[in-house]
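So the structure is just underneath, and the comments pick up after that.
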Amino acid sequence: MLSKAVDALKSDKKVRTIIVRSEVPGIFCAGADLKERVKMNSSEVGPFVSKIRAVINEIANLPVPTIAAIDGLALGGGLELALACDIRVAASSAKMGLVETKLAIIPGGGGTQRLPRAIGMSLAKELIFSARVLDGQAAKAVGLISHVLEQNQEGDAAYRKALDLAREFLPQGPVAMRVAKLAINQGMEVDLVTGLAIEEACYAQTIPTKDRLEGLLAFKEKRTPRYKGE
């Protein structure tokens, strides 16, 4: 279901920002169903984890900004799902961690790669080696999340913050948002000189757009720009 939803979002030009949240109180995503995993034979596990990794990669490659709203548990594959999003916000009561080494396995949905990129190698190793679970405040302290909120009575404090962020993103030029994300994502994987060349190529994509001219005109006329993603 998640894969189908991501496929639909990927090609929908009207989508400007995506929030990943759970409607189950107290749980963002608790990771793999271990009762299900016990019933699998060894030959089934690898392909199953590959499928999970592929879906999480699809989320990471979505062309528009993505925000994970973590209002509860995000463990194992659940945290890997959140790590694939551009921005993570969490309630202080949320719990998150890559706990796989406790089960004598390792993170298989991108966790060994995305966690060090998010918080640095040494801290990532410490968290993976210890299978430590952090609350929202501790996750904010290590840079795993961008914002931490006190949980509200409805249990959706992180989701509300994610909506606030999305509203900040929405007025900007859609083409610019897509190529800004592309430039950042690709540039982080290469040296600075190559990264600057990527930025130049991405900037070039915005020059011939109608939106760029609309932005300049709106500034001149002291009004809000009306961007169409063209």
request  = Indicate yes or no: at least one non-hydrogen side-chain atom of Lys10 is less than 4.5 angstrom from one of Val15.
outcome  = no
Sub-4.5 Å side-chain heavy-atom contact between Arg88 and Ser146 = no
ask   = So Val175 and Tyr227, side chain to side chain contact (heavy atoms under 4.5 Å, CB included) or not? Walk me through it.
value = CA-CA 9 Å; Val175 176; Tyr227 294 129; over 6 Å; no
query = Do Ile198 and Val190 come close enough that some side-chain heavy atom pair is under 4.5 Å?
reply = yes
Ile19 side chain reached by Leu165 side chain, heavy atoms, under 4.5 Å = no
key: Single-linkage hydrophobic cluster, 4.5 Å side-chain cutoff, Met40 and Ile52 together   = yes
ask   = Would you say Asp156's side chain and Asp71's backbone share a donor-acceptor pair under 3.5 angstrom?
value = no
request  = Examine Leu2 and Leu79 and state if one hydrophobic cluster contains both, with Ile, Leu, Val, Met, Phe, Trp and Tyr joined whenever side-chain heavy atoms are less than 4.5 Å apart.
outcome  = yes
query = Shortest non-hydrogen contact from Gly77 to Ile56?
reply = O-CD1, 4.1 Å
task = Enter the distance from Leu163:CG to Glu168:CD here, rounded to the nearest 0.5 Å.
result = 12.0 Å
inquiry  = Test your reading of the model: is there a side-chain donor-acceptor pair from Ser50 to the backbone of Gly46, 3.5 Å cut-off?
reply    = yes
request  = Answer with yes or no whether the hydrophobic clustering places Leu98 together with Val133; edges join I, L, V, M, F, W, Y residues whose side-chain heavy atoms lie under 4.5 Å apart.
outcome  = no
query = side chain to side chain contact (heavy atoms under 4.5 Å, CB included) with Glu23: which residues, sequence neighbours excluded?
reply = Arg21
ask   = Would you call Lys4 and Asp7 a salt bridge, using N to O less than 4.0 angstrom?
value = no
inquiry  = I'd like to know if Glu221 pairs up with Arg223 as an ion pair, taking the criterion as any Lys NZ or Arg NE/NH1/NH2 lying under 4.0 Å from an Asp or Glu carboxylate oxygen.
reply    = yes
inquiry  = Could you check whether Lys228 pairs with Glu214 (Lys NZ or Arg NE/NH1/NH2 to Asp/Glu carboxylate O, under 4.0 Å)?
reply    = no
inquiry  = Using every non-hydrogen atom in the two residues, find where Gly215 and Pro225 come nearest and quote the distance to one decimal.
reply    = CA-CB, 4.4 Å
task = Could you grab the distance from atom CG of Leu83 to atom CD1 of Ile59, nearest 0.5 Å is fine?
result = 11.5 Å
inquiry  = The test is side chain to side chain contact (heavy atoms under 4.5 Å, CB included); show your working for Val64 and Thr17 and say whether it passes.
reply    = CA-CA 6 Å; Val64 296; Thr17 298; 5.7 Å; no
key: Side-chain donor-acceptor contact under 3.5 Å, Asn57 with Asn61   = no
query = Does a salt bridge link Glu126 with Arg132, judged by any charged N lying under 4.0 Å from a carboxylate O?
reply = yes
task = State, with a plain yes or no, whether a side-chain heavy atom of Phe169 is found less than 4.5 Å away from one of Ile67.
result = yes
ask   = What distance do Arg53 atom CZ and Phe48 atom CZ have between them, rounded to the nearest 0.5 Å?
value = 12.0 Å
inquiry  = Strictly distance-based, threshold 3.5 Å: is any side-chain N or O of Glu80 a donor or acceptor partner for the main-chain N or O of Gly109?
reply    = yes
ask   = Does some side-chain heavy atom of Val89 sit less than 4.5 Å from a side-chain heavy atom of Tyr159?
value = no
ask   = Taking the side chain from Thr101 and the backbone from Ala104, do they hold a donor-acceptor pair closer than 3.5 Å?
value = no
message = Applying salt bridge (Lys or Arg N to Asp or Glu O under 4.0 Å) to Glu154 and Arg160, what does each step give before you reach the verdict?
response = CA-CA 10 Å; Glu154 292 81 10; Arg160 290 189 184 193; 3.8 Å; yes
message = Side-chain heavy atoms nearer than 4.5 Å, only ILVMFWY residues, links allowed to pass through others: does that put Phe28 and Val55 together?
response = yes
task = Take Leu134 and Lys95, measure what side chain to side chain contact (heavy atoms under 4.5 Å, CB included) needs, and give me the verdict at the end.
result = CA-CA 5 Å; Leu134 306 178; Lys95 297 279 190 286; over 6 Å; no
query = Pairs in or reaching into residues 180-201: which pass salt bridge (charged side-chain N to carboxylate O under 4.0 Å, His left out), with residues at least two apart or in two chains?
reply = Asp86-Lys181, Arg117-Glu189
task = Using the side chain to side chain contact (heavy atoms under 4.5 Å, CB included) rule, take Leu216 and Lys220 through it: C-alpha gap first, then chi angles, then the decisive distance, then the call.
result = CA-CA 6 Å; Leu216 293 170; Lys220 185 183 168 188; over 6 Å; no
task = Could you tell me which non-hydrogen atom of Gly72 sits nearest to which non-hydrogen atom of Ala94, and how far apart they are?
result = O-CB, 3.4 Å
message = Would the distance check show the side chain of Thr112 and the main-chain N or O of Pro107 forming a donor-acceptor pair, the cut-off being under 3.5 Å?
response = no
request  = Kindly say whether Gly173 contributes a backbone atom to a donor-acceptor pair with the side chain of Asp211 at under 3.5 angstrom?
outcome  = no
Shortest non-hydrogen contact from Thr66 toward Ala84 = OG1-O, 4.3 Å
query = Does any non-hydrogen side-chain atom of Pro65 lie less than 4.5 Å from one of Ile87?
reply = no
key: Exercise: identify the closest heavy-atom pair between Ser3 and Glu58   = OG-OE1, 3.7 Å
query = So, does Ser22 use its side chain to make a donor-acceptor pair with the main chain of Ile27 at under 3.5 Å?
reply = yes
query = Do Arg16 side-chain atoms and Met177 backbone N/O form a donor-acceptor pair below 3.5 Å?
reply = no
Reported CG-to-OG distance for the pair Asp135 and Ser92, which is rounded to 0.5 angstrom = 7.5 Å
inquiry  = Which heavy atom of Asn41 sits nearest to which heavy atom of Ser43, and what is that distance?
reply    = OD1-OG, 2.5 Å
ask   = Rounded to the nearest 0.5 Å, how far does CD1 of Ile70 lie from CE of Met96?
value = 5.0 Å
task = Answer with yes or no whether the hydrophobic clustering places Leu149 together with Val20; edges join I, L, V, M, F, W, Y residues whose side-chain heavy atoms lie under 4.5 Å apart.
result = no
key: Heavy-atom side-chain contact between Leu144 and Lys140 under 4.5 Å   = no
message = Show, in sequence, the C-alpha distance, side-chain angles and deciding distance for Asp164 and Lys161, and conclude whether the salt bridge (Lys or Arg N to Asp or Glu O under 4.0 Å) test is met.
response = CA-CA 5 Å; Asp164 288 342; Lys161 178 63 179 177; 5.3 Å; no
query = Around Lys102, counting heavy atoms of other residues, nucleotides and ligands shown, do more than 12 lie under 6.0 Å from its NZ?
reply = no
message = How long is the straight-line distance from NZ of Lys125 back to CG of Leu123, given to the nearest 0.5 Å?
response = 11.5 Å
